[in-house]
J.: 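If you scroll down you'll find the structure; I have some questions about it.
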Amino acid sequence: MIDPRVLRDDPDRVKAAQAKRGLSGDAVDRALAADTARRTAIADFERLRAEQKQLGKQIPQAQGEERAELLARTKTLSADVRAAETAQTEADEEWRQALLAIPNPAAEEAPAGGEDDYAVISEHGTKRDFEAEGFTPRDHVELGKILGAIDIERGAKVSGSRFYYLTGAGADLEFALVNMALDQARGAGFTTMVPPTLVRPRAMEGTGFLGQAADDVYRIEGQDTYLVGTSEVPLAAYHSDEILDAETLPRRYVAFSPCFRKEAGSHGKDTRGIFRVHWFDKVEMFTYTTLEDAAEEHLRLLGWEKEWLDKLELAYRVIDVAAGDLGLSAARKYDCEAWIPTQGRYRELTSTSDCTDFQTRRLGIRGRFEGGDVKPVATLNGTLTAIPRTIVALLETHQQADGSVRVPAALQPYLQGRELLEPVLG
RNA sequence: GGAGGUGUCGCCUAGUCCGGUCUAUGGCGCCCGCCUGCUAAGCGGGUUUGGGGCUACAACCCCAUCGAGGGUUCAAAUCCCUCCACCUCCGCCA
């Protein structure tokens with residue numbers, strides 16, 4: 001939720017930020033009008049209510065005729081108060097909805113435009129030249145089959161399209177990646193978490209996933225609960241309605257959790273393999289910090305993502321995502337995209353967002369600062385590893401001509417010391 | 001799933017039966033001041049959060065807030081209903 005005060009005092013700035021995302025200022029105008037209506041309604045109600053309370057105080061002391069008269073007056077007033085309160089509640093709700101519809105204003109530094117208007121910040125590692133090495137790379141589906149690591153056919157048989165089993169070396173790889181990621185995060189001072197992945201609407205709405213993104217979310221039939229698409233949701237909602245002692249900031253959490261996505265609207269996209277699936281496990285970093293520190297923390301999260309990809313010896317680039325592609329909550333977002341040899345392009349492996357005070361305002365999370373001041377705080381999130389995509393990149397990048405896959409040195413201790421994943425029979 | 005209990009402004013707690021004087025009690029913690037050679041003790045004061053008005057975004061005034069939402073009433077922490085969370089016991093179960 002954007003700051004109502006900024007909206008009221010500087011609506012043009014909010015409109016400019018909307019324009020950067022390619023959106024009109026209509027939502028801003030609607031919120032502004034709702035704000036005016038709301039304040040009028042509040043004034044009406046409070047005036048009547050104050051009068052009612054005044055009269056109410058006199059009643060117990062009054063006697064006889066005076067008392068009867070007071071009762072008569074306050075009785076009619078009671079109806080007015082009730083009507084005014086209803087009007088106030090409605091105006092308030094309308095205002096809230098209008099505010100909720102406005103995305104987080106993009107950061108000044110974020111590139112303007114849509115999906116294709118990202119800016120490349122940096123490139124890392126070296127793409128493998130299979131032509132020079134003299135063999136044609138296999139894609140992860142084929143490698144997964146050879147290694148007995150990924151079973152897509154049975155995944156589809158049991159659960160449908162975009163499902164899979166990780167088997168043998170594939171399953172081992174998941175646990176190795178998870179443990180390695182948790183070790184890295186723990187070493188950086190993160191608190192490890194295993195959060196619930198079934199949440200109430202509040203958590204979903206608070207993190208901005210019930211707006212345009214609602215189509216992508218699994219809702220439990222007959223229940224007011226949702227399966228989360230990322231542990232960002234339970235991690236952000238973890239401190240909802242709390243006032244955090246500023247001394248404890250930044251608070252860094254790292255969670256392991258399954259993630260569920262309907263992938264509505266991505267029909268025909270990435271249909272082969274496990275690059276885009278309805279369920280996957282992920283290790284996610286999440287930070288609560290001050291608004292002042294948020295941009296720097298964002299770079300720290302990016303740093304940890306890069307450290308991770310470096311250790312896996314992947315070739316990747318970092319992009320600064322354009323305003324129109326930020327989603328509802330983020331003011332700025334960096335994606336790390338790894339080179340996928342058989343696709344011949346960079347694909348998103350990790351992503352880190354600075355959500356400033358957008359989520360905390362919605363979730364009622366604030367900080368108590370020096371002098372007792374209660375002020376908004378910021379949330380940020382970043383992927384350490386999303387298992388299937390990491391496996392895709394690893395297998396394809398480190399494959400050898402015979403179908404075996406080299407294990408990066410940093411990962412070996414987590415894979416029982418294995419230096420190589422080798423083809424298995426049948 | 002069944003039975004019972006609990007939910008008060010950081011923590012603990014009074015108040016709820018019998019609605020109005022609750023402008024929510026007291027303790028702890030915390031903050032400010034006094035006292036003190038320093039510390040401790042003592043003394044005095046302050047200490048929920050959100051919103052509105054007015055404004056220097058101060059002070060001040062007002063409204064809401066006793067788990068959440070409804071209802072009864074001139075008036076609700078207090079009475080009624082629904083929901084949520086937690087606790088105890090029973091049943092079932094990974």
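Throughout, protein chains are lettered first and strands after them, A, B, ... in sequence-line order, and every chain is numbered starting at 1.
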J.: Quick one: label R366(A) by what it contacts on the DNA or RNA (base, sugar-phosphate, nothing), any heavy atom closer than 4.0 Å.
T.: sugar-phosphate
J.: Verify the contact: side-chain N or O of K53(A) to OP1 or OP2 of A64(B), cut-off strictly under 4.0 Å; return yes or no.
T.: yes
J.: How far does the C1' atom of A64(B) sit from the matching atom of U55(B), given to the nearest Å?
T.: 22 Å
J.: Round to a whole Å and report the spacing from CG of D44(A) to C1' of G53(B).
T.: 13 Å
J.: Is there a Watson-Crick or G-U wobble partner for G44(B) with both distances under 3.5 Å, and which nucleotide is it?
T.: C32(B)
J.: Between D92(A) and R38(A), is there a side-chain N and carboxylate O pair less than 4.0 Å apart?
T.: yes
J.: Give the rounded distance in Å between these two atoms: CZ of R202(A) and P of C84(B).
T.: 17 Å
J.: Between C89(B) and A75(B), how far is it from one C1' atom to the other, in whole Å?
T.: 41 Å
J.: Please report the distance separating the P of U16(B) from the corresponding atom of C80(B), rounded so that it comes out in whole Å.
T.: 14 Å
J.: Determine the Euclidean distance between corresponding C1' atoms of U47(B) and G10(B); express it in Å to zero decimal places.
T.: 10 Å
J.: With both distances under 3.5 Å as the test, what is the Watson-Crick or G-U wobble partner of C60(B)?
T.: G53(B)
J.: Under a 4.0 Å N-O cut-off, is there an ion pair linking K145(A) with E142(A)?
T.: no
J.: Expressed in angstrom and rounded to an integer, what is the separation of E242(A) atom CD from G50(B) atom C1'?
T.: 17 Å
J.: Using the C1' atom as the point on both nucleotides, what is the distance between C35(B) and G44(B), in whole Å?
T.: 11 Å
J.: Using whole Å, report how far NZ of K375(A) lies from C1' of G50(B).
T.: 18 Å
J.: May I ask you to decide whether K157(A) forms a salt bridge with E153(A), counting only side-chain N to carboxylate O separations under 4.0 Å?
T.: no
J.: Quote, to the nearest angstrom, the C1' distance that separates C11(B) from C34(B).
T.: 28 Å
J.: Under 3.5 Å, which donor-acceptor pairs do the side chains of residues 99-107 of chain A form with other protein atoms, sequence neighbours left out?
T.:
from, atom 1, to, atom 2, distance (Å)
N104(A), ND2, S329(A), O, 2.8
N104(A), ND2, C355(A), O, 3.2
N104(A), ND2, T356(A), OG1, 2.9

J.: Salt bridge or not between R252(A) and E297(A)? Use side-chain N to carboxylate O under 4.0 Å.
T.: yes
J.: Once you apply the 3.5 Å cut-off to both distances, tell me the Watson-Crick or G-U wobble partner of C66(B), or none.
T.: none
J.: How do R368(A) and R47(A) order along RNA chain B: which one's closest nucleotide is nearer the 5' end?
T.: R368(A)
J.: Between R162(A) and D270(A), does any NZ, NE, NH1 or NH2 come within less than 4.0 Å of an OD or OE carboxylate oxygen?
T.: no
J.: Can you tell me how far C1' in U72(B) sits from the matching atom in C79(B), rounded to whole Å?
T.: 8 Å
J.: Nearest whole angstrom, please: distance from the P of G50(B) to the CE of M1(A).
T.: 12 Å
J.: For C18(B), which nucleotide is its Watson-Crick or G-U wobble mate, given both distances must be under 3.5 Å?
T.: none
J.: Counting only Watson-Crick pairs (N1-N3 plus N6-O4 or O6-N4) and G-U wobbles (N1-O2, O6-N3), all under 3.5 Å, who is the partner of U23(B)?
T.: none
J.: Answer yes or no: is there an ion pair linking R47(A) with D80(A), defined by an N-O contact shorter than 4.0 Å?
T.: no
J.: Please tell me which of the listed nucleotides, G52(B), G50(B), A85(B), lies nearest to the side chain of V374(A)?
T.: G50(B)
J.: Quick one: Q54(A) CD to U23(B) P, roughly how many Å, whole number?
T.: 11 Å
J.: Please enumerate all protein N or O atoms sitting under 3.5 Å from an N or O of nucleotides 75-80 of chain B, with distances to 0.1 Å.
T.:
from, atom 1, to, atom 2, distance (Å)
A75(B), OP1, S78(A), OG, 3.0

J.: Could you check whether K262(A) pairs with D215(A) (Lys NZ or Arg NE/NH1/NH2 to Asp/Glu carboxylate O, under 4.0 Å)?
T.: no
J.: Between G10(B) atom C1' and E247(A) atom CD, what is the distance in whole Å?
T.: 16 Å
J.: Tell which nucleotide pairs with U88(B), taking only Watson-Crick or G-U wobble pairs whose two distances are both under 3.5 angstrom.
T.: A3(B)
J.: For A76(B), give its Watson-Crick or G-U wobble partner with both distances under 3.5 Å, or none.
T.: none
J.: Kindly say if R38(A) contacts the phosphate of G52(B), meaning a side-chain N or O under 4.0 Å from OP1 or OP2.
T.: yes
J.: Is there a side-chain contact between R8(A) and the phosphate of G52(B), meaning an N or O under 4.0 Å from OP1 or OP2?
T.: yes
J.: Less than 3.5 Å between a donor and an acceptor, one on the side chain of E46(A) and one on the base of G51(B), is that the case here?
T.: yes
J.: Which donor-acceptor pairs under 3.5 Å do side chains of residues 187-198 of chain A form with protein atoms, sequence neighbours excluded?
T.:
none

J.: May I ask you to say what A43(A) touches in the nucleic acid, namely base, sugar-phosphate or nothing, with a heavy-atom cut-off under 4.0 Å?
T.: nothing
J.: Could you check which of G50(B), C84(B), G53(B) has an atom nearest any side-chain atom of R39(A)?
T.: G53(B)
J.: Return the value, rounded to whole Å, for the distance between atom CG of D35(A) and atom C1' of G52(B).
T.: 11 Å
J.: For the residue pair T230(A) and K282(A), confirm or rule out a side-chain donor-acceptor distance under 3.5 Å.
T.: yes
J.: Using a 4.0 Å heavy-atom cut-off, does I243(A) contact any base of the nucleic acid, only the sugar-phosphate backbone, or nothing at all?
T.: sugar-phosphate
J.: In whole angstrom, give me the gap between the C1' atoms of U25(B) and U78(B).
T.: 15 Å
